[in-house]
Amino acid sequence: MKKQFLELPAVTCDGNFTARYSEKGLAELNFPKVGRASPRAAKKEIFPAKICGWHRVTEAALKNVLAGRAPKKFPPLDLAGTDFQKSVWRALRKISSGKTKSYGEIARAIGKPKAVRAVGGACGANPVPVLIPCHRVLAADGKIGGFSGGLDWKRRLLAREGVKV
DNA sequence: TCCGTATTGAACT
DNA sequence: AGTTCAATACGGA
């Protein structure tokens with residue numbers, strides 16, 4: 001039996017994101033599917049109160065980041081990944097709104113200065129974009145780099161935070 | 001074990 | 001200023 005996540009739509013001005021929750025917290029967040037209506041027509045599932053509470057926090061945090069502000073509160077995260085990836089994601093969360101770092105700086109921050117490319121890989125594997133601000137990581141020369149959700153999103157998020165590319 | 005990667009910096013035109 | 005290239009850590013197959 002495969003691990004099952006409870007899935008909820010997180011409605012924002014930029015579209016309907018999809019949040020997935022495990023027993024322990026937010027496990028995944030997906031960008032809105034382009035050209036598609038709401039990802040989920042709820043079919044009267046019963047959601048534990050715990051998860052409803054998390055979801056409210058998630059949605060509020062999401063809206064804040066999209067508006068270019070730092071969220072007051074984060075939901076608990078239940079991230080599936082290797083130790084290396086988790087340490088990268090932890091470092092990413094230390095980048096405050098409006099700031100940027102390079103892949104090399106992240107690598108140094110986790111004590112593995114040579115692991116610059118692996119950092120890129122971990123960013124791409126980030127299950128919770130936006131809340132874990134992988135979009136604030138640029139290449140060392142200020143170039144935009146890449147983004148799993150599409151470069152348009154990366155540029156949009158950075159623009160909202162007042163970052164010039 | 002081999003391959004690709006959201007990199008980097010140096011050494012070249 | 002643009003191009004090439006090797007080094008490098010990690011994860012997936």
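All values below were derived from every heavy atom in this structure, side-chain atoms included, with hydrogens, water molecules and symmetry-related copies excluded. Order of the sequence lines fixes the chain letters, A, B, ..., with proteins taken first and strands second; residue numbering starts at 1 for each chain.
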- prompt: With sugar-phosphate meaning primed atoms plus P, OP1 and OP2, does A:A115 contact a base, only sugar-phosphate, or nothing at under 4.0 Å between heavy atoms?
  reply: sugar-phosphate
query: Hey, is the side chain of A:K112 poking within less than 4.0 Å of OP1 or OP2 on C:dC10, counting only N and O atoms?
result: yes
Nearest-angstrom distance from the residue atom CH2 of A:W89 to C1' of C:dG11: 12 Å
- prompt: When the distance from CZ of A:F31 to P of B:dA6 is rounded to whole Å, what number comes out?
  reply: 15 Å
Aromatic ring pairing A:H55/A:Y21, orientation class (parallel under 30°, perpendicular over 60°, tilted between): perpendicular
message: From C-beta outward on A:C134, which listed nucleotide comes closest to its side chain: B:dA6, B:dT8, B:dT5?
response: B:dA6
task: Starting at atom CZ of A:F84, determine the distance to atom P of B:dT5, rounded to an integer number of angstrom.
output: 17 Å
query: Roughly, in whole Å, what's the span from CD1 in A:I106 to C1' in B:dT5?
result: 17 Å
statement: Whole-Å distance, A:E105 CD to B:dG9 C1', equals 15 Å
statement: Separation of C:dA9 atom P from A:I110 atom CD1, nearest Å, is 12 Å
message: Starting the side chain at C-beta, find the nucleotide from C:dT8, B:dT8, C:dC10 nearest to A:A140.
response: B:dT8
message: Output the rounded distance in Å from CG (A:D141) to P (B:dA6).
response: 16 Å
- prompt: Are A:V57 and A:W54 close enough that some pair of their side-chain heavy atoms sits under 4.5 Å apart?
  reply: no
field: Identity of whatever pairs with B:dA6 - Watson-Crick or G-U, under 3.5 angstrom
entry: none
- prompt: From B:dA6, C:dA7, B:dT8, pick the nucleotide closest to the side chain of A:A139?
  reply: B:dT8
field: Cationic N near anionic O, under 4.0 Å, A:E161 to A:K99
entry: no
task: Identify whether any heavy atom of A:T82 sits under 4.0 Å from a base atom; if not, whether one sits that close to sugar-phosphate; answer base, sugar-phosphate or nothing.
output: sugar-phosphate
message: Applying a 4.0 Å non-hydrogen cut-off, can you work out what A:G124 is touching in the nucleic acid: base, sugar-phosphate, or nothing?
response: base
message: Distance check needed: B:dT7 P versus A:Y103 OH, whole Å only.
response: 6 Å
- prompt: Is the shortest distance from a Lys or Arg side-chain nitrogen in A:R20 or A:D78 to a carboxylate oxygen in the other one below 4.0 Å?
  reply: no
- prompt: What's the closest nucleotide to the A:R117 side chain, out of B:dA6, C:dT8, C:dG11?
  reply: C:dT8
query: So, is the end of the A:R155 side chain (NZ or CZ) under 6.0 Å from the ring centre of A:F147 and within 45° of the ring's axis?
result: no
- request: Consider the side chain of A:F147, meaning its heavy atoms from C-beta on, and name the nucleotide among B:dA6, C:dC10, B:dT8 that approaches it most closely.
  value: B:dA6
